[in-house]
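Here's the structure we're looking at; comments come further down.
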Amino acid sequence: MGVKQDNGDPEKILPPIEQDLSNEIDAKLRKYLRGEGANLEVLKDKKLKGQLSVREELYGISAKAAAKAEEWLMPSEGGYLEVEGIEKPWRINQLSITSEINLSSLKNQHDIIIPDLGPYTLDFNSSGRYMAVAGRRGHLAVVDMKNMSLIKEIQVRETVHDIVFLHNELFFAAAQKKYPYIYNRDGIELHCLKEHGSVLRLQFLKNHFLLASINKFGQLHYQDVTMGEMIGNIRTGLGRTDVMQVNPFNGVVGLGHSGGTVSMWKPTSAVPLVKMLCHPGPVSAMAFHPNGHIMATSGKERKIKIWDLRKFEVLQTIPGHAKALDFSQKGLLAAGNGSFVQIFGDLSESQNYSRYMGHSMVKGYQIGKVLFRPYEDVLALGHSMGWSSILIPGSGEPNFDTWVANPYETSKQRREKEVRSLLDKLPPETIMLNPSKIGTMRPVKKKEKQSKQEIEAEMEAAVEAVKDIAFKNKTKGRNKASKKAKKKKEVIERVKRPFLDKEMKDDEKLAKKQKISEENALPMALQRFASKKPTA
């Protein structure tokens, strides 16, 4: 039995399954169409009408191909918690979610309690499959989150402040008591980075292969992990801080300081690209949105602020305090403080964040790190008693690109990806606030002002050219040598006149500027007491 299509053509009849697929593709097709098509009936120019009809046909073909590709290559769709009536999504707890999910999602919800080695911090690799955890008392471990199996754990027997994966899950860096160290996945120490000093926070710039660190003296270091070269050693001059994040859009490192300021840095500049006052008190946490245009900061005055980095202005102020902040791939914001974590969402896409979910830990737990797991609806929490994982529907990207991050990649694919990423490695000079400028045309510079020597040389060249002019022989009595000399002198003066006028105007402008600067040297109230030079 078949179903007739909507166009009413009795000859084109599809089976029910194919009809459903066709309807889904038609729904996706509207997303890729470039607006309404041109009205070709009103055109009188046959040539233009033919060109536009061919172009409209090509647009339709490309939109249909994109819709089919999305149908087969992006089978999963993201979603959020949906409530009915007067219910609120933030009233739904983890136990309610647990009773409605399948077994494969259920294993993402767990609590690991190791009270003797905490508090814990953690990091995920780019695909979200592997997690590195570090306890303050020297415990380091790498965990496979798909199989929930421990790959390796070591005890370094000294304080560990932070941990971060490098370009893949085979290497990670740990900020220990005196220096940061680089280990491989088997727990073997590969490098000791003594130039960094006692580091409090680490970040890795994956597109540039740079390991960035901030130590307890407020020094920011950038080290190239491919060649081992120290790219940048910057004294921030803003005191000790442990608030550090990398903007994933442009590679700029953001630091939050005790004076309430947030500074943004690149390795090739000794001064900050941006220095903005965000809070009246110390900055306790910060995070960047994946699109790079939104930043969230938290201050000790118990306010969370959402900033637009394109205009450097506040979009929204949320009451509450947060010791840790993080954005998910889909734009949800997690804020952890004490034993409670809140998730805010911009569900209406109007840059207005509202309360989405909440989760309360056991009383007494102190959350120090919140981190969304890539490509999963999971939020990992590092706290004083270990680490935990909770489910946040709609937080992760539902479809992964195997060329960017493949959770199921083989060792051969990993090697090929490593070689590819090394070939595509970006130089440190490409780190800037607006990386879209790269590849555009450089604006035309204004004509530089000529120096006095250049003007004199140009004038002398013009005079020399005039001196060689031969004058016509005139009638008797009008061809004397004195008259020729007088005429030559007039010509030379006429050539010199534009250069002399320009020099006079420049001198007048300079004198005027000097006069204005002398007047502005004193306040307005005291300028009347300034000694005036006698005029000639």
Side-chain angles (χ1 to χ4, degrees), residues 1-84 248-250 289-294 306 308-311 313 315-316 328-332 345-354 375 393-394 396-404 433-444:
M1 181 178 178
V3 179
K4 189 183 290 186
Q5 285 189 307
D6 294 336
N7 57 12
D9 189 355
E11 295 180 359
K12 295 183 178 179
I13 296 182
L14 297 174
I17 297 175
E18 292 187 14
Q19 177 67 24
D20 293 340
L21 289 174
S22 178
N23 292 337
E24 288 181 12
I25 290 174
D26 289 340
K28 294 178 184 296
L29 189 64
R30 299 188 195 97
K31 185 168 67 173
Y32 293 101
L33 286 174
R34 308 186 184 194
E36 294 183 3
N39 188 4
L40 303 178
E41 299 297 330
V42 298
L43 293 177
K44 295 180 180 179
D45 189 340
K46 290 184 179 180
K47 185 178 179 182
L48 179 61
K49 191 174 181 179
Q51 289 175 346
L52 289 178
S53 63
V54 170
R55 188 168 294 182
E56 289 294 332
E57 186 179 354
L58 288 174
Y59 287 163
I61 293 171
S62 63
K64 195 168 185 179
K68 283 184 177 179
E70 182 181 344
E71 176 67 27
W72 297 110
L73 299 179
M74 301 178 68
S76 302
E77 292 184 1
Y80 297 98
L81 282 177
E82 294 182 359
V83 293
E84 296 178 353
F249 174 64
N250 51 24
H289 195 280
N291 65 15
H293 302 318
I294 296 175
I306 311 295
D308 186 346
L309 294 181
R310 290 166 292 190
K311 298 185 285 185
E313 63 180 26
L315 294 175
Q316 187 182 356
S328 75
Q329 289 178 315
K330 301 298 283 184
L332 298 182
D346 180 18
L347 305 183
S348 61
E349 296 183 357
S350 60
Q351 294 183 342
N352 183 23
Y353 281 80
S354 57
Y375 304 103
E397 178 65 40
N399 302 289
F400 58 86
D401 186 351
T402 55
W403 289 95
V404 177
L433 286 175
N434 185 13
S436 60
K437 285 183 179 179
I438 299 173
T440 58
M441 296 294 291
R442 181 182 295 176
V444 180

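Of all the heavy atoms in Pro290 and Ser328, the pair that sits closest is CG-O, 3.2 Å. Contact detail for Phe249 and Pro435: the closest heavy-atom pair is CE2-CD, 3.7 Å. Minimum heavy-atom separation, Asp346 to Asn352: OD1-N, 3.4 Å.
Under the salt bridge (Lys or Arg N to Asp or Glu O under 4.0 Å) criterion, Arg310 pairs with Asp308, sequence neighbours left out. The salt bridge (Lys or Arg N to Asp or Glu O under 4.0 Å) check on Glu41 picks up nothing, with sequence neighbours excluded.
In this structure, the separation between CG on Leu315 and OH on Tyr353 is 9.0 Å, given to the nearest 0.5 Å. A distance of 13.0 Å separates CD in Gln329 from CG in Asn291, rounded to the nearest 0.5 Å. Atom CG of Asn399 is separated from atom OH of Tyr375 by 10.0 Å, given to the nearest 0.5 angstrom. In this structure, CD on Glu56 lies 11.5 Å from CD1 on Ile61, to the nearest 0.5 angstrom. Taken to the nearest 0.5 Å, the CZ atom of Arg55 stands 10.5 Å off from the OG atom of Ser53.
The backbone N or O of Lys330 lies less than 3.5 Å from no partner atom in the side chain of Glu397, so there is not a single donor-acceptor pair.
Residues Gln51 and Lys47 meet the side-chain proximity criterion, which asks for heavy atoms closer than 4.5 Å. For the pair Pro393/Tyr80, no side-chain contact is recorded, criterion being any heavy-atom separation below 4.5 Å from C-beta on. By the 4.5 Å heavy-atom criterion applied to side chains, Gln351 and Ile306 are not counted as neighbours.
The neighbour count for Glu313 CD, taken as heavy atoms of other residues, nucleotides or ligands under 6.0 Å away, is above 12. Residue Glu57 qualifies as open at atom CD: its count of foreign heavy atoms under 6.0 Å is 12 or below.
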### Message
Between Asn434 and Asn250, does the side chain to side chain contact (heavy atoms under 4.5 Å, CB included) criterion hold? Intermediate values first, please.
### Response
CA-CA 7 Å; Asn434 185 13; Asn250 51 24; over 6 Å; no
